[in-house]
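Just so we're on the same page: letters track the sequence lines, and every chain starts at 1.
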Amino acid sequence: MAGKAFFPINYSPMAFNKRVKIKAVLDQDLIGQEITLMGWVRTKRSNKNVSFIALNDGSIITNYQVVADPNLISEEVLKKCSTGACLKVTGTVVASQGAGQSSELNAKSIEILGEADPEKYPLQPKKHSLEFLRDIAHLRMRTNTFSAVFRVRHALAFAVHKYFNDKAFFYIHTPIITGSDAEGAGEMFRVTTLDLKKLPTTSEGAIDFKQDFFEKETNLTVSGQLEGELAAMALGEIYTFGPTFRAENSNTTRHLAEFWMIEPEMAFYDAEDNQNLAEDFLKYVIQYALNNCAEDLNFLAQRALEEENTKPADQRAELGLIEKLKFVVENDFVRLTYTEAIDILRNSNHNKKKKFQYLIEEWGADLQSEHERYLVEKHFKKPVILTDYPKQIKAFYMRQNEDGKTVAAMDILFPGIGEIVGGSQREERMDKLTQRMQEMHIPEEELWWYLDTRRFGATPHAGFGLGFERMVLFVTGMGNIRDVIAFPRTPGNAEF
RNA sequence: UCCUCCUUAGCUCAGUUGGUUAGAGCACAUGACUGUUAAUCAUGGGGUCCUAGGUUCAAGCCCUAGAGGGGGAGCCA
């Protein structure tokens with residue numbers, strides 16, 4: 001996993017065009033060679049004799065300095081090399097006379113591919129607030145921060161596939177449009193081609209979905225898990241990685257209405273196997289980013305540090321971004337049961353001094369995020385795998401433990417993020433499963449196909465769901481999930 | 001959905017006890033400068049003070065309603 005191998009710019013003996021990526025220029029010694037760069041102007045500094053253009057093409061966070069001599073490049077062209085303009089520059093790579101870079105491009109010719117009127121172009125060579133950039137999400141990837149975030153996001157997505165492929169898991173595409181509304185993971189977005197102004201009705205006055213496209217009610221998926229289990233019952237170890245939709249009215253820094261979720265599902269795994277996989281997987285993906293995104297992570301670490309410094313001293317994080325990522329990779333996650341967690345919380349000084357908004361009194365209550373944060377950020381100061389929750393507060397498909405009170409659930413809690421993984425060993429015993437479905441009013445006839453896996457060749461199995469954007473949030477050190485997905489969908493916002 | 005804070009130039013913000021012509025930095029334009037690093041220096045243009053209504057001799061500032069945004073909570077990944 002060497003750093004240089006990850007972005008093999010002009011990797012192929014046959015590049016598809018003549019330009020060289022800036023990443024490739026910086027990775028090689030090209031002094032004396034004539035090359036063509038294409039990219040966008042970040043800043044231009046001029047005097048009577050020379051202009052310096054900082055060019056960025058997105059291949060790497062670093063800008064490359066183009067030196068333009070007004071005797072060679074016309075005043076008209078130089079004037080159009082304003083912030084945001086797109087240029088094709090041909091010239092010779094030379095050792096730089098300036099201090100900020102080892103080489104630079106002496107421009108022989110500059111072609112303006114696309115102008116950017118400096119009076120109207122919203123991005124300026126200065127700091128912008130993340131909130132302002134969110135309003136111009138179509139342009140924000142041209143900034144250092146967002147280009148770094150999206151390069152890291154790519155690396156993490158690639159690492160997910162690499163991890164599972166190397167472990168011989170199969171990538172399954174579960175449906176985006178689902179005909180079952182019994183998955184119970186949240187409010188759903190309806191999919192229909194019916195005319196909303198003239199809804200057909202049945203003789204009883206209900207909407208007649210027989211006339212809809214699929215001849216039944218359909219929604220966007222809230223989870224691929226149930227279908228994933230079907231695949232695991234044939235292929236053994238599988239994973240999904242796809243878009244997921246929740247129509248919850250959630251307005252937080254860690255919820256999206258459209259997000260990407262990774263859901264491995266493994267036949268023959270028990271709860272502990274599941275935990276071992278999840279921990280190893282998280283560490284691998286983070287290590288992959290550390291190995292392959294050093295420049296971007298260093299930039300993001302600096303950005304995060306500056307943001308930390310605006311906070312009061314007692315609220316600042318102890319570790320910088322890189323240190324935090326290394327810490328997670330190098331240390332075992334803490335594993336404890338819900339019951340043990342309740343004991344720790346109940347006996348904590350924090351609880352005794354009534355500093356929790358919701359005081360811990362008895363076994364069975366769901367943990368509030370203040371409790372999860374206390375365990376992860378104050379008590380253990382490392383990622384925590386919480387297991388064996390009361391069955392009342394967990395989903396119907398989780399395997400019932402022998403105590404009759406708990407299920408083989410696991411949540412992985414990360415500092416600053418909260419729940420990043422939710423999973424469980426699944427209930428493979430038909431009688432136990434249908435009993436829970438009845439208790440929780442899940443209609444068995446809707447899930448006949450799911451129950452068939454328990455009728456035919458059932459086996460212990462387990463899996464989990466990982467919110468991809470929460471992972472990106474953690475690795476990039478960004479504070480708001482809307483800033484780690486290109487075009488966030490949240491209540492009241494589906495622009496772009 | 002609830003709690004809370006915010007909305008003044010392109011951006012980030014200041015604006016005193018309600019008082020005359022609303023300010024700064026950056027950005028932008030023009031000029032200066034023999035190699036700059038978010039260059040520097042000088043000059044200049046730029047305002048629906050979120051919207052609607054109200055109180056007042058007088059509202060950026062006070063009151064009511066609404067819109068948009070931030071943070072926290074719930075739901076969860």
Side-chain angles (χ1 to χ4, degrees), chain A residues 42-54 62-70 79 82-84 94-101 104 106 116-136 143-144 183-187 222-225 241-263 278 310-311 315 357-358 366-370 372-373 393-395 411-414 417-423 464-474 479-483 485 490-493 495:
Chain A
R42 286 294 177 76
T43 62
K44 181 182 61 175
R45 298 173 290 272
S46 299
N47 61 39
K48 205 187 283 178
N49 303 295
V50 65
S51 285
F52 301 97
I53 299 164
T62 317
N63 298 328
Y64 199 70
Q65 177 153 288
V66 172
V67 184
D69 179 344
K79 198 175 158 61
S82 57
T83 300
V94 296
S96 179
Q97 298 171 37
Q101 56 284 314
E104 62 195 12
N106 262 349
D117 182 347
E119 289 282 4
K120 294 177 184 153
Y121 185 62
L123 288 173
Q124 303 152 8
K126 61 166 298 222
K127 268 211 186 337
H128 290 289
S129 68
L130 295 174
E131 292 79 21
F132 171 70
L133 293 170
R134 217 170 281 153
D135 289 338
I136 52 165
T143 65
N144 285 337
E183 291 165 29
E187 292 296 311
V222 293
S223 164
Q225 179 200 317
F241 186 176
T244 310
F245 307 89
R246 305 261 169 100
E248 305 283 354
N249 193 6
S250 297
N251 293 290
T252 79
T253 54
R254 52 192 190 283
H255 287 87
L256 292 164
E258 176 182 286
F259 64 101
W260 289 70
M261 187 154 64
I262 297 143
E263 295 181 286
T310 66
K311 294 181 189 168
Q315 287 174 30
Q357 198 183 341
Y358 295 89
D366 208 350
L367 298 179
Q368 306 292 314
S369 65
E370 59 175 342
E372 296 178 349
R373 275 211 314 275
I393 59 175
K394 287 292 179 185
D411 283 359
I412 303 186
L413 310 176
F414 263 32
I417 307 289
E419 186 179 342
I420 196 167
V421 161
F464 60 86
L466 171 99
F468 183 59
E469 281 77 14
R470 288 188 181 176
M471 158 70 77
V472 182
L473 204 52
F474 183 75
N480 192 317
I481 203 163
R482 291 162 201 165
D483 296 331
I485 188 167
T490 54
N493 193 347
E495 191 66 63

[N] to [M] separation - [atom1] atoms, rounded to the nearest Å:
| N | M | atom1 | result |
| --- | --- | --- | --- |
| B/U36 | B/A73 | P | 50 Å |
| B/A9 | B/G54 | P | 25 Å |
| B/G46 | B/C2 | P | 44 Å |
| B/U1 | B/A24 | C1' | 41 Å |
| B/C13 | B/U56 | C1' | 29 Å |
| B/C49 | B/G10 | P | 12 Å |
| B/U48 | B/U8 | P | 12 Å |
| B/U20 | B/G60 | C1' | 15 Å |

For a 4.5 angstrom cut-off between non-hydrogen side-chain atoms, does [X] reach [Y]?
| X | Y | result |
| --- | --- | --- |
| A/Glu248 | A/His255 | no |
| A/Val421 | A/Asp411 | no |
| A/Met471 | A/Ile420 | yes |

Please state how far atom [atom1] in [X] lies from atom [atom2] in [N], giving the value in whole angstrom units.
| X | N | atom1 | atom2 | result |
| --- | --- | --- | --- | --- |
| A/Leu133 | B/G69 | CG | P | 16 Å |
| A/Asn251 | B/A67 | CG | P | 14 Å |
| A/Lys79 | B/A29 | NZ | C1' | 8 Å |
| A/His255 | B/G71 | NE2 | P | 14 Å |
| A/Ile481 | B/G72 | CD1 | P | 12 Å |
| A/Arg373 | B/G74 | CZ | C1' | 13 Å |
| A/Ile136 | B/A27 | CD1 | P | 17 Å |
| A/Glu372 | B/G72 | CD | C1' | 15 Å |

TODO: Using salt bridge (Lys or Arg N to Asp or Glu O under 4.0 Å) as the criterion, list what pairs up with A/Glu469, not counting sequence neighbours.
DONE: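 Testing A/Glu469 for salt bridge (Lys or Arg N to Asp or Glu O under 4.0 Å), a comparison that skips the adjacent residues, returns A/Arg153.
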Open item on the list: Could you work out, with salt bridge (Lys or Arg N to Asp or Glu O under 4.0 Å) as the rule, every residue matching A/Asp483, not counting sequence neighbours?
Closed with: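 Per chain and number, A/Asp483 pairs via salt bridge (Lys or Arg N to Asp or Glu O under 4.0 Å) with A/Arg134, A/Arg140.
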- [ ] Give RNA chain B the dot-bracket treatment, 5' to 3': Watson-Crick (N1-N3 with N6-O4 or O6-N4) or G-U (N1-O2, O6-N3) under 3.5 Å, [ ] crossing, | other strand.
- [x] (((((((..((((.....[...)))).(((((.......))))).....(((((..]....))))))))))))....
Who passes ring pair (Phe, Tyr, Trp, His ring centres under 6.0 Å) against [X], sequence neighbours left out?
| X | answer |
| --- | --- |
| A/Phe241 | A/His161, A/Phe468 |
| A/Phe464 | none |
| A/Tyr64 | none |

Counting only side-chain N and O atoms of [X], is one of them less than 4.0 Å from OP1 or OP2 of [N]?
| X | N | result |
| --- | --- | --- |
| A/Thr252 | B/A73 | no |
| A/Arg254 | B/G71 | no |
| A/Arg45 | B/A39 | yes |
| A/Ser223 | B/A77 | no |
| A/Asn480 | B/G71 | yes |

Task: Nearest-nucleotide 5' precedence on RNA chain B, A/Arg482 against A/Val421 - done: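 First, find each residue's nearest nucleotide; the 5'-ward one identifies A/Arg482.
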Task: Residue mapping more 5' on RNA chain B - nearest nucleotide basis, A/Glu370 or A/Glu419 - done: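 Looking at RNA chain B, the more 5' nearest nucleotide goes with A/Glu370.
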Task: Inter- and intrachain pairs under salt bridge (charged side-chain N to carboxylate O under 4.0 Å, His left out), touching residues 43-54 of chain A, at least two apart - done: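 Pairs touching residues 43-54 of chain A that pass the test: none.
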TODO: Check every strand shown and say whether A/Ile417 touches a base, only sugar-phosphate, or nothing at a heavy-atom separation below 4.0 Å.
DONE: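 Touches nothing.
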Which listed nucleotide ([options]) is nearest to the side chain of [X]?
| X | options | answer |
| --- | --- | --- |
| A/Ala99 | B/G70, B/C76, B/U37 | B/U37 |
| A/Arg134 | B/C28, B/G70, B/A39 | B/G70 |
| A/Tyr358 | B/C75, B/A73, B/A77 | B/A73 |

- [ ] Check whether the side chain of A/Asn63 and the base of B/U37 form a donor-acceptor pair under 3.5 Å.
- [x]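 A donor-acceptor contact between them is absent.
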Task: Under-3.5 Å donor-acceptor pair between A/Ser250 side chain and B/C76 base - done: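 Counting by modelled atom types and ignoring angles, no donor-acceptor contact under 3.5 Å is found here.
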Pairs: protein N or O with nucleotides 33-35 of chain B N or O, under 3.5 Å:
from  : atom 1 : to       : atom 2 : distance (Å)
B/C33 : OP1    : A/Lys48  : NZ     : 3.1
B/C33 : OP2    : A/Lys48  : NZ     : 2.6
B/U34 : O4'    : A/Asn49  : ND2    : 2.5
B/G35 : OP1    : A/Asn47  : ND2    : 2.6
B/G35 : O6     : A/Gln97  : NE2    : 2.9
B/G35 : N1     : A/Glu104 : OE2    : 2.9
B/G35 : N2     : A/Glu104 : OE1    : 2.6
B/G35 : N2     : A/Glu104 : OE2    : 2.7

Open item on the list: For the base of B/A77 and the side-chain ring of A/Phe468, does the geometry meet a stacking cutoff of under 5.5 Å between centres and under 30° between planes?
Closed with: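 Here A/Phe468 fails the 5.5 Å or the 30° condition.
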- [ ] For residues 123-132 of chain A, pull every pair meeting side-chain hydrogen bond (donor to acceptor under 3.5 Å, both in side chains), keeping only residues two or more places apart or in separate chains.
- [x]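 Counting only pairs at least two positions apart or across chains, the side-chain hydrogen bond (donor to acceptor under 3.5 Å, both in side chains) contacts touching residues 123-132 of chain A are A/Lys127-A/Glu306.
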TODO: Evaluate the side-chain contact (heavy atoms from CB on, under 4.5 Å) criterion for residues A/Leu466 and A/Met261: first the C-alpha distance (whole Å), next the side-chain angles of each, then the deciding distance (0.1 Å), finally the verdict.
DONE: CA-CA 6 Å; A/Leu466 171 99; A/Met261 187 154 64; 5.8 Å; no
TODO: For A/Asp69, check side chain to side chain donor-acceptor pair (under 3.5 Å) against everything at least two apart and list the hits.
DONE: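 Scan of A/Asp69 (side chain to side chain donor-acceptor pair (under 3.5 Å), adjacent residues dropped) gives A/Asn71.
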TODO: Hey, could you give me the OG1/CD1 distance between A/Thr252 and A/Ile481, rounded to the nearest 0.5 Å?
DONE: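 Taking OG1 in A/Thr252 and CD1 in A/Ile481, the distance rounds to 7.5 Å.
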Open item on the list: Just to verify, what does A/Asp366 make a side chain to side chain contact (heavy atoms under 4.5 Å, CB included) with, not counting sequence neighbours?
Closed with: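 So A/Asp366 forms a side chain to side chain contact (heavy atoms under 4.5 Å, CB included) with A/Ile393.
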Sub-3.5 Å pairs of nitrogen or oxygen atoms, protein against nucleotides 11-15 of chain B:
from  : atom 1 : to       : atom 2 : distance (Å)
B/C11 : O2'    : A/Lys126 : NZ     : 3.3
B/C11 : O2'    : A/His128 : ND1    : 3.4
B/C11 : O2     : A/Lys126 : NZ     : 2.5
B/U12 : OP1    : A/Ser129 : OG     : 2.8

